[in-house]
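Please read the structure below before turning to the comments.
When reading the values below, keep in mind they use all heavy atoms of this one structure, side chains included, and skip hydrogens, waters and symmetry mates. From a predicted model like this one, the values you see are computed outputs, not experimental measurements. Just so we're on the same page: letters track the sequence lines, and every chain starts at 1.
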Protein chains: 2
Amino acid sequence: MQADTALTRELRHHYLFCSLTDAQLERLLASAALRRMAAGEHLFAHGDAATQFFLLRSGCVKLYRLSPEGNEKIMRLIRPSQTFAESILFMEAPSYPVSGEAVEPSQLVAFDRDTFLGILRESFATCQAVMAQMTVRIQAHWDEIETLALQNSRYRVVHYLLGLLPRNAQGRVAVTLPTRKMVIAAHVAVTPETLSRTLRGLSDEGLIEVSGDEVTITDVDRLRRRIH
Amino acid sequence: MQADTALTRELRHHYLFCSLTDAQLERLLASAALRRMAAGEHLFAHGDAATQFFLLRSGCVKLYRLSPEGNEKIMRLIRPSQTFAESILFMEAPSYPVSGEAVEPSQLVAFDRDTFLGILRESFATCQAVMAQMTVRIQAHWDEIETLALQNSRYRVVHYLLGLLPRNAQGRVAVTLPTRKMVIAAHVAVTPETLSRTLRGLSDEGLIEVSGDEVTITDVDRLRRRIH
DNA sequence: CACGGGGGTTGATGCCCGTCAAGGCTGCAG
DNA sequence: CTGCAGCCTTGACGGGCATCAACCCCCGTG
């Protein structure tokens, strides 16, 4: 890949790459590839042999699995400046554990597994960053497993809405849904119909107001308490 | 902790510790503590500040979360020679992300976080082992999230039973359930009643035979195919 | 022996949510 | 403009699973 000052600066501010020396970064970029994708375009499939992990620069990518009956569960929605599929780095026979597909036109960087592994060997700080990142993901998984196992669909929808807000939001707040409702539904593990009905129910109770992809939460604290 | 040749030999065969030098291992053990627990005894609670991670030597420990209504979801059942709670190593403000409790009388080793972090800094091989281990756990989480989101309780029970078998089991196989059925139920995220009924259903169909905590699978391949 | 408690099973009931089907809305192509 | 496709909504319906309750069995204790 051609050197690119904008990209270099971007990586320098990324927790995974900020500890690398100039030489290491150069080596990494030399083995990396830029990739542009159209909405709906396929990146990799669950089970594919893997030699790359990715950084999303713009757009949106979904990581998902399909049941035999064709139902889709979105495991993670990737946003710009997030990396994904790092876990293939340490597998013995690396293969993607989920499928990946662009939800919007997207631009991403594909990093070479072996090159990055070589750099890891030289940089404990980067090792730390990788391990910290994996820890964050593991925590998120515990949370998701808990809500799937112990909470109903209403809780999951409300939890998703609250997750869109800044941490210290209060009172009346408006958010715009980041993607189509179908995608959100597959993310919180309900059908589009149920999502629609749940939002309707919440708005009938006066907890939210919905207009297209604009959702206004009338009182954040009340919603948090009413989650049950 | 006092040096203990049996324990030292045990650690030498553990993937997490097998790459350490004698000096490192000694340092680690000096800061570690042995702990014995009775059945039902509490090890740590979700949210507790954390300075230790653990290796189970004997017995059985459950890692779980409780819903506000008091429902329990067991996230992981720890077996002898498994380590757990390593993820507290890389948190900024380390706190246990789940609760831990002995299910049987257990014996375990508590390792000191800071000491192990210091050793990690000196041993890339051990870093690799840690990262590989985290990767395995992440993969298991993907699988669990998928089955919770996309599969019904019958599938989860059958999947659990099949998971008790050796990888290449065939034909008629007997297994004994490793713990009380209540615990298994909380592990596969159903109520004890539903677990009981599901086993009943499977045995009415001739797929399994149940007698106390002995389950015989009449035909492993048929059960695998009949999962859905 | 009676007693009690915990684990497991079974039955009755209800509700959450998925499925199927129809209809509205919007944006795009002809 | 018309037609069409995709997304969203709404309604009717049914099944899976939780809940509540009763009962059995086993085992340790007084």
Side-chain angles (χ1 to χ4, degrees), chain A residues 38-40 60 62 66-74 103-104 147-160 176-205 208-215 227-228, chain B residues 38-40 60 62 66-74 103-104 147-160 176-205 208-215 227-228:
Chain A
C60 181
K62 69 176 175 186
L66 295 176
S67 72
E69 301 81 43
N71 294 321
E72 172 186 275
K73 164 69 172 100
I74 295 183
V103 174
E104 301 168 12
T147 60
L148 283 172
L150 296 176
Q151 308 291 356
N152 58 22
S153 74
R154 180 190 167 99
Y155 179 97
R156 296 202 300 276
V157 170
V158 171
H159 192 260
Y160 175 84
T176 97
L177 301 179
T179 49
R180 282 167 290 150
K181 288 182 183 169
M182 289 185 65
V183 174
I184 294 172
H187 195 33
V188 298
V190 298
T191 58
E193 294 95 324
T194 298
L195 175 61
S196 176
R197 280 189 259 265
T198 304
L199 291 177
R200 186 54 134 89
L202 291 170
S203 95
D204 284 351
E205 293 182 47
I208 64 175
E209 292 161 15
V210 182
S211 147
D213 61 353
E214 294 289 331
V215 177
I227 255 186
H228 177 99
Chain B
C60 181
K62 69 176 177 186
L66 295 176
S67 73
E69 300 82 39
N71 294 320
E72 172 185 276
K73 164 69 172 106
I74 294 183
V103 175
E104 302 169 11
T147 61
L148 283 172
L150 297 176
Q151 308 291 356
N152 59 20
S153 74
R154 180 189 168 98
Y155 178 97
R156 296 203 298 276
V157 170
V158 171
H159 192 259
Y160 175 83
T176 95
L177 301 179
T179 50
R180 282 167 290 151
K181 289 182 181 168
M182 288 184 65
V183 174
I184 294 173
H187 196 33
V188 299
V190 298
T191 58
E193 294 95 323
T194 298
L195 175 60
S196 175
R197 280 188 258 263
T198 304
L199 291 177
R200 185 54 133 87
L202 291 170
S203 94
D204 284 352
E205 292 182 47
I208 64 176
E209 293 160 15
V210 183
S211 148
D213 61 353
E214 293 289 330
V215 178
I227 247 188
H228 167 98

When rounded to whole Å, the CZ to P distance for the pair A:Arg200 and C:dG24 reads 16 Å
Taken to the nearest whole Å, OH/B:Tyr155 to C1'/C:dG18 is 19 Å
Bounded by its outermost nucleotides with an atom under 4.0 Å from a heavy atom of chain A, the footprint on DNA chain D reads D:dC7 to D:dA12
Residue set satisfying side chain to side chain contact (heavy atoms under 4.5 Å, CB included) with B:Asn71, at least two apart, ordered chain then number -> A:Leu150, B:Ser67, B:Glu69
Sequence neighbours excluded, the answer for side chain to side chain donor-acceptor pair (under 3.5 Å) partners of A:Thr194 is A:Thr191
Across all chains, not counting sequence neighbours, the side chain to side chain contact (heavy atoms under 4.5 Å, CB included) partners of B:Glu209 are B:Arg172, B:Thr216, B:Thr218
Across all chains, not counting sequence neighbours, the side chain to side chain donor-acceptor pair (under 3.5 Å) partners of B:Arg180 are none
Atom CZ of B:Arg180 and atom P of C:dG5 are separated, to the nearest Å, by 18 Å
B:Asp213 atom CG is separated from C:dG7 atom C1', nearest whole Å, by 12 Å
Note to self: Between B:Asp204 and B:Leu202, is there a side-chain heavy-atom distance shorter than 4.5 Å?
What the structure shows: no
Hits for side chain to side chain contact (heavy atoms under 4.5 Å, CB included) against A:Ala149, two or more places apart or cross-chain, chain-then-number order -> B:Lys73, B:Leu148, B:Ala189
Here the residues of residues 189-199 of chain B within 4.0 Å heavy-atom distance, strictly under, of DNA chain C are B:Glu193, B:Ser196, B:Arg197
Here the salt bridge (Lys or Arg N to Asp or Glu O under 4.0 Å) pairs for residues 181-198 of chain A, sequence neighbours left out, are none
Just to confirm, is there a sub-4.0 Å distance from OP1 or OP2 of C:dC16 to any side-chain nitrogen or oxygen of A:Arg154?
no
Sequence neighbours excluded, the answer for side chain to side chain contact (heavy atoms under 4.5 Å, CB included) partners of B:Thr147 is B:Gln151, B:Tyr155, B:Arg156
When rounded to whole Å, the CD to C1' distance for the pair B:Gln151 and C:dG18 reads 14 Å
